[in-house]
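Below is one structure, written out as structure tokens; comments come after it.
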Amino acid sequence: MKIGLVGYGAMGKVIEQCVAENDELVIFAPELKTVLDDTSEKVDVLIDFSNPRACDAILAYAEKNNVPVVIAATGHSSEQLDQIAALATHVPVLKSANFSLGVNLVNRMLREYAPILKDFFDIEIIEKHHRLKEDAPSGTAKLFADTINETLRYDFVNGRDGFSKRQDKEIGVHAVRGGSIVGEHEVIFAGMDEIISLKHEAFSKNIFANGALNGAKWLVDKEAGLYDMEAVLFGK
């Protein structure tokens, strides 16, 4: 299986290391102006670890060549999300804010437990990443917030400032950027006299690379559609 890698930054190099023992990896130029459909190289699946600025070229290549695509970049606009959904009517697309097994297990727990805890606990999400990460809040923080809100329909508050006190039925989302933090996400359920915390901390980018590679292998023989990591891991 030939994998076309878009985005040869830190994550691209980690993916290359993870498949160094075989010849299945094809590296596309990392320049964002690269027109992918100009290449004569045919691949079985694309993995996108670039950023939303490369979205148009990636989607055009995938549609033209009928190639499945794994989208691991985050920070897409609503218009780009619509374009990704449209592509998924033609080819299989795997999109996830986070490809870690642990993160997706936490997300599954949030879906189950948040409706039970909502009447007794305030909910806050704190995410921490390295100083070079561009988008905030992180895609994973948004994933957790959206999962919690599937049934709650609360308002999101990104950070806090001023003298307005916390309101009922809101979820606070807070971003920290500094140093070389790989990724840390904590969902806090704060009640009267007790706190429940669900926390995931990444110590290496390998967990994301291996998750994306496993997702790519799973995706290649699937029918057109928009999939997430829960489908890969749990057969959802």
Side-chain angles (χ1 to χ4, degrees), residues 1-74 76 80-81 83-105 107 139-140 143 182-183 202 204-236:
M1 184 178 74
K2 281 190 175 182
I3 296 174
L5 178 62
V6 186
Y8 194 51
M11 278 307 308
K13 294 173 183 176
V14 174
I15 287 183
E16 186 179 34
Q17 293 169 1
C18 289
V19 296
E21 300 302 318
N22 58 62
D23 300 323
E24 69 179 359
L25 184 62
V26 176
I27 302 288
F28 286 120
E31 295 295 331
L32 296 179
K33 292 182 180 179
T34 297
V35 181
L36 296 177
D37 59 1
D38 280 349
T39 182
S40 60
E41 190 74 53
K42 182 69 171 68
V43 299
D44 298 304
V45 60
L46 284 178
I47 296 181
D48 169 27
F49 263 113
S50 58
N51 66 59
R53 292 191 293 274
C55 185
D56 288 347
I58 293 165
L59 300 187
Y61 176 89
E63 183 169 10
K64 178 179 179 179
N65 296 282
N66 197 35
V67 173
V69 57
V70 175
I71 299 178
T74 60
H76 294 94
Q80 289 173 324
L81 293 175
Q83 293 172 339
I84 292 169
L87 174 66
T89 64
H90 304 288
V91 301
V93 176
L94 172 60
K95 185 180 186 307
S96 179
N98 195 303
F99 283 83
S100 154
L101 170 61
V103 162
N104 283 281
L105 285 172
N107 194 56
T140 301
L143 171 69
V182 175
S204 165
K205 295 180 185 296
N206 285 23
I207 60 174
F208 311 125
N210 286 321
L213 288 168
N214 289 333
K217 295 174 184 176
W218 177 90
L219 189 67
V220 289
D221 61 354
K222 294 296 180 291
E223 296 181 355
L226 185 58
Y227 302 94
D228 58 20
M229 278 302 287
E230 287 204 21
V232 178
L233 297 172
F234 310 117
K236 171 187 165 187

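Just so you know, these numbers use all the heavy atoms, side chains as well, and skip hydrogens, waters and symmetry mates. Position 1 is the first residue of the sequence; numbering continues from there.
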Just verifying a value: how many Å separate [X] [atom1] and [Y] [atom2], rounded to the nearest 0.5 Å?
X: L226; Y: I84; atom1: CG; atom2: CD1; answer: 8.0 Å
X: L94; Y: D228; atom1: CG; atom2: CG; answer: 7.5 Å
X: N66; Y: Y61; atom1: CG; atom2: OH; answer: 11.0 Å
X: K64; Y: L59; atom1: NZ; atom2: CG; answer: 14.5 Å
X: M1; Y: D221; atom1: CE; atom2: CG; answer: 10.0 Å

Heavy-atom distance under 4.5 Å between the side chains of [X] and [Y], does that happen here?
X: F99; Y: L233; result: no
X: V182; Y: K205; result: yes
X: W218; Y: V70; result: no
X: E16; Y: L5; result: no

Side chain to side chain contact (heavy atoms under 4.5 Å, CB included) against [X], all qualifying residues, sequence neighbours excluded:
X: P92; value: P68, L219, K222, Y227
X: A209; value: M11, V14, I15, C18
X: I207; value: S100, H200, A202

* Asked: According to the side chain to side chain donor-acceptor pair (under 3.5 Å) rule, which pairs have a member within residues 85-98, sequence neighbours left out?
  ->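 Only N98-T140 qualify under side chain to side chain donor-acceptor pair (under 3.5 Å).
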* Write down the atom of I47, the atom of A216, and the distance for their closest heavy-atom approach. =>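 Minimum heavy-atom separation between I47 and A216: CD1-CB, 4.0 Å.
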* Asked: Can you name the nearest heavy-atom pair linking K2 to D44, along with the distance?
  ->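 It is N-OD2, 2.6 Å.
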* Asked: For D48, which residues count as a side-chain hydrogen bond (donor to acceptor under 3.5 Å, both in side chains) partner, sequence neighbours excluded?
  ->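 D48 satisfies side-chain hydrogen bond (donor to acceptor under 3.5 Å, both in side chains) with S50 once adjacent residues are dropped.
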* Asked: Looking at residues at least two apart in the chain, or sitting in another chain, which of them share a side-chain hydrogen bond (donor to acceptor under 3.5 Å, both in side chains) with N206?
  ->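 Listed in chain order: S204.
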* Show the numbers, then the answer: is there a side chain to side chain contact (heavy atoms under 4.5 Å, CB included) between I71 and H76? => CA-CA 10 Å; I71 299 178; H76 294 94; 3.7 Å; yes
* For N214 and N210, indicate whether the former's side chain and the latter's backbone hold a donor-acceptor pair under 3.5 Å. =>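 At least one qualifying donor-acceptor pair exists.
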* Any sub-3.5 Å donor-acceptor pair from Q80's side-chain atoms to P52's backbone N or O? ->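 Answer holds: yes.
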* Check V69, L87, V67 against I58 for a side chain to side chain contact (heavy atoms under 4.5 Å, CB included) and give me the one that passes. =>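 Answer to the side chain to side chain contact (heavy atoms under 4.5 Å, CB included) test with I58 among V69, L87, V67: V69.
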